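For reference, the structure discussed in these notes is given below.
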There are 4 protein chains.
Amino acid sequence: MPKLGMEPIRRDAIVKATIAELGAKKSLDVTVSQIAKRAGMSSALAHHYFGGKDQIFLAAMRRILSDFGAEARQELSSAAPDERPQAIIRSCFAPSCFTPDVIAAWMTFYVLAQTNEEALRLWKIYQARIRSNLIHALRPMLSNPVEAANDMVALIDGLYIHAALNAPEEPELAVNHAMRVLDTFLEAEK
Amino acid sequence: MPKLGMEPIRRDAIVKATIAELGAKKSLDVTVSQIAKRAGMSSALAHHYFGGKDQIFLAAMRRILSDFGAEARQELSSAAPDERPQAIIRSCFAPSCFTPDVIAAWMTFYVLAQTNEEALRLWKIYQARIRSNLIHALRPMLSNPVEAANDMVALIDGLYIHAALNAPEEPELAVNHAMRVLDTFLEAEK
Amino acid sequence: MPKLGMEPIRRDAIVKATIAELGAKKSLDVTVSQIAKRAGMSSALAHHYFGGKDQIFLAAMRRILSDFGAEARQELSSAAPDERPQAIIRSCFAPSCFTPDVIAAWMTFYVLAQTNEEALRLWKIYQARIRSNLIHALRPMLSNPVEAANDMVALIDGLYIHAALNAPEEPELAVNHAMRVLDTFLEAEK
Amino acid sequence: MPKLGMEPIRRDAIVKATIAELGAKKSLDVTVSQIAKRAGMSSALAHHYFGGKDQIFLAAMRRILSDFGAEARQELSSAAPDERPQAIIRSCFAPSCFTPDVIAAWMTFYVLAQTNEEALRLWKIYQARIRSNLIHALRPMLSNPVEAANDMVALIDGLYIHAALNAPEEPELAVNHAMRVLDTFLEAEK
DNA sequence: AATGAATGAGGATTCATTCAT
DNA sequence: GATGAATGAATCCTCATTCAT
């Protein structure tokens with residue numbers, strides 16, 4: 001019985017294993033074999049499905065991005081209009097996006113994006129999405145929503161780094177931190 | 001043409017070459033040979049003077065840190081008391097600290113710090129220095145200088161990332177950005 | 001032409017090549033590449049199957065030991081009870097154990113055993129085996145079989161060295177030598 | 001003041017350091033730098049005096065040999081004629097020849113002698129000396145002193161190996177062992 | 001679909017040796 | 001006499017990738 005539709009299952013396993021391995025090793029020095037082993041298959045198969053190591057990394061990056069997107073959509077959908085900025089911030093540090101694994105993987109992507117076109121494109125998409133969400137959400141509240149959104153976007157990346165290097169065990173610190181800054185901006189307007 | 005007292009000269013050349021090579025390759029995937037070649041010597045000599053690749057990287061990191069420290073001291077020494085926060089911010093994005101090379105090198109250190117004790121220690125020193133400088137400078141101006149300093153420190157790291165990935169050619173954008181946020185904090189107090 | 005089940009074939013080829021190479025170079029300064037080349041494969045494959053150089057050496061040592069063990073069993077099985085001591089001696093210098101290659105390899109193991117736990121363990125096993133075989137075989141003939149066995153065991157190692165350095169071309173000299181000493185012990189008892 | 005006659009002092013220091021280092025590392029994998037460091041000079045100077053690594057090793061081997069020769073002469077000179085065989089044996093395991101250092105160094109020479117002409121020559125000289133001493137000493141006592149001497153010489157090498165690998169801490173075991181065998185030979189004659 | 005087999009290319013590191021001073 | 005400086009060559013080991021089955 002030939003296994004039908006194995007491809008999506010295998011791809012999914014590899015992507016998950018990549019994130020897990022990056023998180024475990026906390027470094028880009030992760031081999032295809034290690035990933036494949038964690039995913040329970042041969043490294044040859046990983047190559048077969050993805051074509052090469054770079055594409056495996058990019059697929060992992062896309063996954064993290066889409067997870068974040070889903071998180072953001074869900075937070076926004078259940079938020080009152082005047083709670084939307086906070087909802088966006090919350091989604092950036094939601095459990096699904098802010099585990100030690102994902103943070104460590106995210107760190108490596110910053111570096112990857114410096115040399116890999118596609119990785120850069122993905123990072124810019126992520127940035128643009130948060131930014132535009134924030135602008136929309138802040139527009140009714142602030143006279144200069146663009147600026148505040150830019151500030152928040154930069155702050156969030158900084159908080160990712162701090163979380164990765166300082167206190168990965170306390171994600172709520174980062175959320176509180178971001179919320180406080182957001183409040184400052186909102187207060188300043190009044 | 002061997003001479004005496006070459007060690008400091010060679011070490012300096014290697015450190016500079018490391019930063020340059022990290023900046024050029026924009027990745028931690030830089031070989032000792034590449035660094036040595038750029039520094040005009042054999043890789044064996046680089047090993048001789050530093051003991052290993054890790055120590056070469058750490059030396060480069062220390063150099064960047066000490067350059068930043070010097071910049072900060074100089075900016076602070078010539079700043080009026082009520083301009084000290086701005087002076088600190090300026091020093092973070094001063095030309096000597098914020099060239100594309102140094103930014104790219106800095107990015108790789110974020111990743112290195114996840115796995116290398118000493119790199120982490122160095123990064124924490126850098127953080128602590130900016131933070132304590134900022135707290136001191138902000139104390140006369142803000143009721144909660146600690147919080148504002150924390151915010152600014154995180155923001156600065158975020159802006160480094162943005163500069164690395166977005167617009168390395170326009171460092172003044174980052175300064176302006178940081179200054180604006182600082183202003184917001186200062187305004188909010190009034 | 002990759003096939004299945006190559007592992008044992010490759011391992012075997014490497015082990016044989018190691019002994020041959022040690023015999024040819026007569027030194028521990030044998031590279032994995034040289035061994036792999038002699039075995040008809042890349043050095044990477046040798047590493048793949050054995051994990052490292054030390055383990056290649058140990059596998060070769062184990063092989064020599066097990067060859068010796070087989071030889072000893074066979075000699076003993078076909079020996080009359082009162083010929084068992086001689087059979088044991090003969091097995092120590094049997095053609096399969098006492099070729100120039102194996103002798104030279106054996107010499108290197110003496111040195112390896114000084115620093116490598118496992119090599120030392122293997123050497124002790126070999127010693128203990130000969131010794132216990134000899135004690136059993138000599139018990140009916142000598143009042144102090146343990147002492148005589150100890151003497152013979154030491155003598156055999158000495159004869160290996162002499163064969164390696166003096167006259168590798170004449171193994172029968174060593175056998176005769178050992179037999180003569182054994183006779184002295186047996187005669188002395190009468 | 002130019003240091004006159006430094007050469008013999010330096011050579012002596014290097015030779016001693018070589019033996020010490022071989023004993024410490026228990027392996028031929030000893031670098032010239034390590035030896036030179038232990039001898040308190042630069043590796044370049046060691047090269048200057050000896051020409052190369054091989055010659056350093058050979059000088060160490062010669063030293064061990066001459067130490068042994070001195071020991072043998074002294075033991076013989078103070079031994080009663082009927083105690084000369086025992087005196088020779090004793091000299092082989094005398095404290096100056098049978099320290100862990102010297103034993104380990106000796107082990108490496110066995111291997112070196114397989115590939116180095118001069119090392120082989122030195123080893124043969126050592127063998128011949130003990131052998132001829134023993135023959136002379138045994139001639140009045142045994143009808144076949146040559147055979148007994150050959151046996152003893154082989155046994156002694158075997159005991160060196162055993163001392164190196166088994167019980168370096170108990171040299172007197174080896175002496176007793178050799179003495180016992182010698183007694184067996186002497187008893188057998190009666 | 002899946003994998004064991006296999007390797008070429010490369011990388012960190014070591015070291016004997018040479019040389020200018 | 002003595003050494004720091006310097007390197008070429010080598011060695012172990014790793015890994016992405018390919019291929020035959």
Side-chain angles (χ1 to χ4, degrees), chain A residues 1-7 9-10 29-37 40-57, chain B residues 1-7 9-10 29-37 40-56, chain C residues 1-7 9-10 29-36 40-56, chain D residues 1-7 9-10 29-36 40-57:
Chain A
M1 52 186 158
K3 293 170 189 172
L4 286 179
M6 285 305 285
E7 174 152 0
I9 297 173
R10 294 296 197 183
D29 288 335
V30 160
T31 72
V32 176
S33 295
Q34 287 160 352
I35 293 170
K37 185 171 196 180
M41 72 193 76
S42 73
S43 70
L45 193 58
H47 269 274
H48 175 67
Y49 279 126
F50 284 90
K53 195 186 187 182
D54 278 7
Q55 280 140 320
I56 294 177
F57 274 121
Chain B
M1 52 217 118
K3 293 177 200 154
L4 251 60
M6 291 302 286
E7 173 151 1
I9 299 171
R10 295 299 198 180
D29 287 337
V30 159
T31 71
V32 175
S33 295
Q34 287 160 354
I35 292 170
K37 186 171 196 177
M41 73 193 76
S42 72
S43 70
L45 195 58
H47 273 279
H48 174 68
Y49 281 125
F50 282 90
K53 196 186 189 183
D54 277 8
Q55 279 144 318
I56 294 177
Chain C
M1 50 215 121
K3 294 175 197 154
L4 252 58
M6 290 304 284
E7 174 151 1
I9 297 172
R10 294 299 197 183
D29 287 335
V30 158
T31 72
V32 175
S33 295
Q34 287 160 353
I35 292 170
M41 73 192 77
S42 71
S43 69
L45 195 58
H47 274 280
H48 174 69
Y49 281 126
F50 283 89
K53 196 188 187 182
D54 276 9
Q55 279 145 316
I56 294 177
Chain D
M1 52 188 157
K3 292 172 191 173
L4 287 180
M6 286 305 286
E7 174 153 358
I9 296 173
R10 295 296 197 183
D29 288 336
V30 160
T31 73
V32 175
S33 296
Q34 288 159 351
I35 292 169
M41 73 194 74
S42 73
S43 70
L45 193 57
H47 269 274
H48 174 68
Y49 279 126
F50 284 90
K53 196 187 189 183
D54 277 8
Q55 280 140 321
I56 295 177
F57 275 122

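Note that the coordinates shown come from a computational prediction; the quantities given were computed from them, not determined experimentally.
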For D:Ile35 and E:dC15, give me the distance from atom CD1 to atom P, rounded to whole Å. 12 Å
Note: contacts of residues 40-48 of chain B with DNA chain F (heavy atom, under 4.0 Å) are B:Met41, B:Ser42, B:Ala44, B:Leu45
With C:Ala46, which residues qualify under side-chain contact (heavy atoms from CB on, under 4.5 Å), at least two apart? C:Ile14, C:Val32, C:Ala36, C:Ile56
D:Ile56 CD1 to E:dT17 P, in whole Å, measures 8 Å
For C:Gln34, give me all partners under side-chain contact (heavy atoms from CB on, under 4.5 Å), at least two apart in sequence or on another chain. C:Glu21, C:Lys25, C:Val30, C:Thr31
Using only side-chain N and O atoms of B:Tyr49, determine if any of them is under 4.0 Å from OP1 or OP2 of F:dG4. no
Of the nucleotides F:dC15, E:dA2, F:dT11, which has the atom closest to the A:Arg10 side chain? E:dA2
Nucleotide nearest A:Lys53 (side chain, heavy atoms from C-beta), chosen from F:dC13, E:dA16, F:dA16: F:dA16
Spacing of B:Ile9 atom CD1 relative to F:dG4 atom C1', expressed in whole Å: 13 Å
Starting from C1' on F:dA2, measure out to CE on D:Met6 and report it in whole angstrom. 10 Å
Rounded distance [0.5 Å steps], OG in A:Ser43 versus NZ in A:Lys53: 11.5 Å
Atom CG of B:Asp29 and atom P of E:dG11: how far apart are they, to the nearest Å? 9 Å
Suppose we screen for side-chain contact (heavy atoms from CB on, under 4.5 Å). Which residues come up paired with D:Asp54, at least two apart in sequence or across chains? D:Asn116
If I compare all heavy atoms of C:Gln55 with all of C:Phe50, which pair ends up nearest, and what's the gap? OE1-O, 3.1 Å
In Å, rounded to the nearest 0.5 Å, how long is the span from CE of A:Met41 to CE of A:Met6? 8.0 Å
Over all strands shown, is C:Phe50 touching base, sugar-phosphate only, or nothing at heavy-atom distances under 4.0 angstrom? nothing
Taking atom P of F:dG8 as reference, at what distance in whole Å does atom NZ of B:Lys37 sit? 12 Å
Would you give the length of the straight line joining atom NE2 of D:His47 to atom CG of D:Leu45, rounded to the nearest 0.5 angstrom? 11.0 Å
Rounded to the nearest Å, what distance is computed from the CG atom of residue D:Asp54 to the C1' atom of nucleotide E:dT17? 13 Å
Dot-bracket for DNA chain F, please. Rules: Watson-Crick or G-U, both distances under 3.5 Å, ( ) within the strand, [ ] when a pair crosses earlier ones, | for another strand, . otherwise. .||||||||||||||||||||
